[in-house]
Amino acid sequence: MLDFTKLLPLLDHVEYRSGQQLATHFNVTRATIHNCMARIDALGIELERIPGRGYRLCAPLDLLSKKEIVTNLTAEVTACMHAFKCLQQVDSTNNTAFELEQPPSGSFSVVLAENQTAGKGRRGRTWISPYAANIYASVVWSMRRPMHELSGLSPYLAICVVEALHAMGLSGLSLKWPNDIYCNHKKLAGLLIECSGELSGSCKVIAGLGVNVAMKNYRNIEIDQQWTDIKSNMPGWELSRSQLAAQLIATVVAGLQAFEKKSVSDMVQRWAHWDLMCDSEVNIISESGVQHGIVRGIDAAGCLLLETKQGIEHIAIGEVSLRGSE
Ligand code: ATP
């Protein structure tokens with residue numbers, strides 16, 4: 001059985017590679033190459049096959065490079081990096097990150113993958129994660145704050161990421177409470193914060209981030225809400241996925257450091273700048289039912305401010321979802 005991840009880097013989007021050439025290179029049969037191509041097909045990567053000439057990619061693949069990522073991190077960030085895994089395929093980067101040992105206080109570990117087979121969203125939902133198309137990253141941090149103080153972390157990191165993407169030249173960005181990043185009213189990225197530890201002591205935080213970069217060339221993408229990717233919104237985008245990954249890792253780490261030091265007093269104003277739903281009528285959906293109201297921003301703990309007939313309610317992140325009500 002030939003591993004498709006060994007074969008993929010040999011495929012080009014200009015030159016054809018013949019089945020025989022590839023079989024000789026790996027010292028396997030042509031049938032093995034054929035099966036491996038079927039595996040690549042199943043990932044949704046578009047391949048062109050011409051009898052007598054061979055195989056080539058329909059579009060260039062921008063694979064992650066651990067070396068390029070590290071080169072693009074500042075010395076300050078690499079100095080506090082404990083472990084770094086850049087993997088091919090995982091069920092979820094958050095799950096893999098949970099298995100890593102807890103990094104020493106003040107340092108971080110990070111897991112990146114080309115593909116998640118069971119990427120996680122909130123409340124048991126799935127994050128669709130096609131191979132080599134996007135960023136799937138999870139940063140592990142030992143947070144010297146008790147778990148009950150972390151409700152603002154998800155919105156806070158979402159602010160940090162949206163500001164970083166804006167600084168990279170992307171426009172039309174906004175935030176949907178508590179953890180979603182939109183671009184021109186379609187979902188571009190999401191965060192999933194998971195924690196373990198004691199309620200009152202410090203805890204292990206996993207900050208998972210999925211950012212859509214270039215999904216257009218992939219078949220079989222089925223997402224049950226409107227979505228978008230960076231390249232459709234910014235045709236002149238020039239960063240490689242590795243360069244983007246480096247900037248996002250640095251952003252999340254800086255956000256975790258600031259949150260730990262409690263230097264996030266401007267969170268409410270910064271959120272207001274990007275708030276997609278501010279002053280909109282919404283429904284808050286939870287196990288116990290649907291609550292209707294008008295969004296009036298967030299409070300300093302990251303709770304949603306919902307104006308209802310009873311007055312302003314502070315909605316905690318927990319197990320609730322926010323949906324527009326029109
Ligand atoms: P909320 O967090 O308010 O409940 P949500 O439904 O957007 O909103 P999330 O957990 O943030 O929930 O994200 C999971 C959802 O995001 C999926 O159910 C799907 O609708 C959508 N989704 C899945 N993969 C992607 C992707 N790659 N890009 C954009 N959206 C996606």
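One-based numbering, in listed order, for ligands and for the atoms of each.
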Pairwise side-chain contact, Cys80 with Gln257, heavy-atom cut-off 4.5 Å (strictly under)
yes

Can you confirm whether the side chains of Thr93 and Thr96 place a donor and an acceptor under 3.5 Å from each other?
no

Of Leu276, Leu306, Val320, which meets side-chain contact (heavy atoms from CB on, under 4.5 Å) against Trp177?
Val320

Does the pair Arg241/Glu114 count as a salt bridge with the N-to-O cut at 4.0 Å?
yes

Do side-chain atoms of Asn115 reach the backbone of Gln89 as a donor and acceptor pair under 3.5 angstrom?
no

Sorted by chain and number, sequence neighbours left out, ring-ring contact (aromatic ring centres under 6.0 Å, His included) with Phe4 holds for Tyr131

Sorted by chain and residue number, the residues with a non-hydrogen atom under 4.0 Å of ligand 1 are Gly121, Arg122, Arg125, Thr126, Trp127, Ile128, Lys176, Asn179, Asp180, Lys187, Asn212, Met215, Ile223, Asp224, Gln225, Trp227, Ser321, Leu322, Arg323

